[in-house]
Amino acid sequence: MAKIDFNDAEQRHAFWHSSAHLMAQAVKRLYPEVQLGTGPAKDKGFFYDFYREKAFSADDLQAIEEEMGKIVKEHLPIERFELSREEAKKLMQEKGENFKLELIDLIPEGETISFYQQGEFVDLCAGPHLENTQQIQAFKLLQTGGAYWHNDATKPMLQRIFGIAYPDKKMLKKHLDELEEARKRDHNKIGRELEYFTTVDYIGQGLPILLPKGYKLFQILQRFVEDEEERRGYQHTRTPLMAKADLYKISGHWYHYRDGMFIIGDEANEDEVLALRPMTCPFQFQAYLTRTRSYRDLPLRYAETSTLFRNESSGEMHGLIRLRQFTISEGHLIVTPEQLEDEFKKSVELAQFMLKTMGLEEDVSYRFSKWDQNDRAKYIGSPEEWERVQQEMFRILTHMDIDFEEADGEAAFYGPKLDIQIKNVFGKEDTLITVQIDFQLAKKFEMEYIDREGNKQNPYIIHRTSIGCYERTMALLLEKYAGALPLWMSPEQARVLPISDKHLEAAQALTDQLKAAGLRATLDGRNEKVGKKIKDAQNEKVPYMLVMGDQEIADGTVAVRSRKEGQLGTLPLAELITKLQTEDKEKLR
RNA sequence: GCCACUGUGGCUCAGGGGUAGAGCAAUUCACUCGUAAUGAAUAGGUCGUGAGUUCGAUUCUCACCAGUGGCUCCA
């Protein structure tokens, strides 16, 4: 039997795919009434969807694991065979696999219909697979969850079981240990422990409280972003958090986004109906509309640190990543067609600069999000316009030095997007940053400029964010650094630790001097042993600990300890301040 | 919204139909300490919320709220 090369993506894939079949075989043995959905390999691991009235319990999972172990020991060969469409349907009918029957109907005419069999278990499947069940020597079922048939919320919900498998126990243990480690970085855990944020049940879902450390980080990022934007030719606005329904009717949000908005007042009662803003675009457009614009005014770059409200459905909220109220580094660029490419590139470059400075540039991937031409109700504009703008955007993207994937059906309702994606500790992907080309809203809002020939033209609009939503970005930073943020982002950069109460006064003076030098310093004036103070500061991820005792006071120095490097010896105060200021300004690690 | 799981003092958790405990953390006093875990004392919980069953519920039932994982949706 061929040995599996786990570094080979295809072999790994086949391994996990066969693991899914192994699990399905065990499930069918234990619960014959279960109907099979589908069971593919994932990036890491596998899952299989089953139709069953009851969800699988933890005890069920254990029983399934045990049954899988038995099947492995049976050394069942895995064999492929092909059937005609009629034979295939007959077989699946006999087995009562109604979902598989649906799948057969989806296989295009002329394509071969293949099955894989191991022992009594047969599954409709394109493969490829392992040769024998005994190759799967180590596995673990990790969790269950509901999943709609065909990923469609109108279809029945199946029970999905997730698992991981490896050719040997060592590899499995390594994977499980890594999972454990990743969980320890979960921003939702450390962000609360380190007191960046909290939630309160009687405030509500998706409405976190940023505690002082959380707000400090927010503020540091906001100042950094706004300064950088200003340097790059942006002007900042501050626009209302709500508007009359009329505004959203012009933009189309009222019709395309209504379920996502918090609406105040009732049209039926002829109230004045207002809605909290789910995005900033129509507000900033009003800034553009204050006077007649010439091509000489363009590009016009508006930015805003903008708080938005979206009525996400209840199951969606997650830590700081998915919220009902959040604040985004919003911006809109009003450009002529000739400026589109350059301004688009600059927008992406600004985002990349932000990612690089935060240390996240290695962790993101790029997605060119296009419309779904089979679902036109979701979008405004004609198919011809969509094709034209998407081609234009594709052209711009290929001129840039980025690898991107294309995704259908991920566009905004008014235009295609470049999404910068990032994964959290659980491997779940979210959009961190987005740059979008909008060829629709300028027309709707009658935004125009006078071109060289004196003719009125609709500009293009680039919707973009430089750092994304602050809350989400903060979440990913906390996970990236496991709470130990680089100095420039640390809410508390240095903590002064007096050896005893005797040294409190000198320690206070040192703290004040550091603050005067623009550093974020605090004093631990507790009546505790210095060892304990150091330990606490380490746990709270403070980058620098400054110990003050008789020796230091006599010498006019400070004993410096770094979280990363341990004892750094004693430094004269002026030298310490220079060191910290230098590191603070560096930003890049 | 759907499928599940969870909810006992700041944290980790124990307990169990008769109105609650432990360790750590906290506070005060003593000690004034050079890399946490000395001594003494104190405080802190209507056991997520509401209703039902019961003589009595934190413990049983139901509903709701919130947190978490998955699906759908989305920044």
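In the text below, chain A, chain B and the rest are named by the order of the sequence lines, each starting its count at 1. Treat the numbers as computed from the prediction; the structure is a model and nothing was measured.
Contact annotation: A/Ser314 reaches the phosphate of B/rG1 (side-chain N/O to OP1 or OP2, under 4.0 Å).
Looking at residues two or more places apart in sequence or on another chain, you find no ring pair (Phe, Tyr, Trp, His ring centres under 6.0 Å) involving A/Tyr255. For the salt bridge (Lys or Arg N to Asp or Glu O under 4.0 Å) test, no residue two or more places apart in sequence or in another chain qualifies with A/Glu180. With sequence neighbours excluded, the residues forming a side chain to side chain donor-acceptor pair (under 3.5 Å) with A/Gln35 are A/Asn98, listed by chain and number. Partners of A/Tyr379 according to the side-chain contact (heavy atoms from CB on, under 4.5 Å) rule, which considers only residues two or more places apart in sequence or in another chain, are A/Trp371, A/Asp372, A/Trp386, A/Ala411. Remark: A/Ser251 pairs with A/His253 by the side chain to side chain donor-acceptor pair (under 3.5 Å) rule, at least two apart or across chains.
Among the heavy atoms of the strands, none lies under 4.0 Å from A/Gly260. At a threshold of 4.0 angstrom between heavy atoms, the contacts of A/Gln567 include nucleobase atoms, whether or not backbone atoms are also involved.
Nucleotides B/rU12 and B/rG18 are separated by 29 Å at their C1' atoms, to the nearest Å. When the C1' atom is used for both B/rU54 and B/rU27, the distance is 41 Å, rounded to whole Å. Nucleotides B/rU61 and B/rA66 place their P atoms 22 Å apart, quoted to the nearest Å. Between the C1' atoms of B/rA4 and B/rU38, the separation comes to 49 Å (whole Å).
Judged by a 6.0 Å distance limit and a 45° cone about the ring axis, A/Arg277 is positioned over the six-membered ring of A/Phe283. A/Phe353 carries A/Arg232 over the face of its six-membered ring, with the cationic atom under 6.0 Å from the centre and within 45° of the normal. In this structure, A/Arg52 satisfies the cation-pi test against A/Tyr31, with its NZ or CZ atom closer than 6.0 Å to the six-membered ring centre and inside 45 degrees of the ring normal.
Computed from coordinates, the A/Lys533 NZ to B/rU35 C1' distance equals 12 Å when rounded to whole Å. Straight-line distance from the CG atom of A/Asp201 to the C1' atom of B/rG7: 10 Å, rounded to whole Å. Taking atom CD of residue A/Glu193 and atom P of nucleotide B/rA25, one finds them 16 Å apart after rounding to whole Å. Rounded to an integer number of Å, the gap from CD1 of A/Ile161 to P of B/rC3 is 17 Å.
For residues 190-211 of chain A, the set of pairs meeting the ring pair (Phe, Tyr, Trp, His ring centres under 6.0 Å) definition, not counting sequence neighbours, is empty. Counting only residues at least two apart or on different chains, no salt bridge (charged side-chain N to carboxylate O under 4.0 Å, His left out) pair has a member in residues 195-208 of chain A. Evaluation of the salt bridge (charged side-chain N to carboxylate O under 4.0 Å, His left out) test over residues 209-224 of chain A, restricted to residues two or more places apart or in two chains, returns none.
Inspection of the A/Thr305 and A/Glu226 side chains reveals an N or O donor paired with an N or O acceptor under 3.5 Å. With hydrogens and angles left out, the side-chain atoms of A/Glu479 and A/His187 include a donor and acceptor closer than 3.5 Å. Side-chain contact, A/Thr154 with A/Asp152: a donor N or O sits under 3.5 Å from an acceptor N or O.
Taking every heavy atom of residues 47-56 of chain A and every atom of RNA chain B, pairs under 4.0 Å involve A/Ala55, by number.
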| field | Nucleotide-resolved protein contact map, nucleotides 70-75 of chain B, B/S/- at heavy-atom distance under 4.0 Å | value | BBBBBB

| task | Determine which bases of RNA chain B form Watson-Crick or G-U wobble pairs with both distances under 3.5 Å, and write the result as a 5' to 3' dot-bracket string with | for other-strand partners. | result | (((((((..((((.......)))).(((((.......))))).....(((((.......))))))))))))....

Check nucleotides 30-34 of chain B against the protein and report each pair of N or O atoms closer than 3.5 Å, with its distance, or say if there are none.
from: B/rC31; atom 1: N4; to: A/Asn527; atom 2: ND2; distance (Å): 2.5
from: B/rU32; atom 1: O2; to: A/Asp501; atom 2: N; distance (Å): 3.1
from: B/rU32; atom 1: N3; to: A/Asp501; atom 2: OD2; distance (Å): 3.4
from: B/rU32; atom 1: O4; to: A/Asp501; atom 2: OD2; distance (Å): 3.3
from: B/rC33; atom 1: N4; to: A/Asn527; atom 2: OD1; distance (Å): 3.2
from: B/rG34; atom 1: O6; to: A/Asp550; atom 2: N; distance (Å): 3.3
from: B/rG34; atom 1: O6; to: A/Gln551; atom 2: N; distance (Å): 3.2
from: B/rG34; atom 1: N1; to: A/Glu552; atom 2: OE1; distance (Å): 3.0
from: B/rG34; atom 1: N1; to: A/Glu552; atom 2: OE2; distance (Å): 3.2
from: B/rG34; atom 1: N2; to: A/Glu552; atom 2: OE2; distance (Å): 2.8

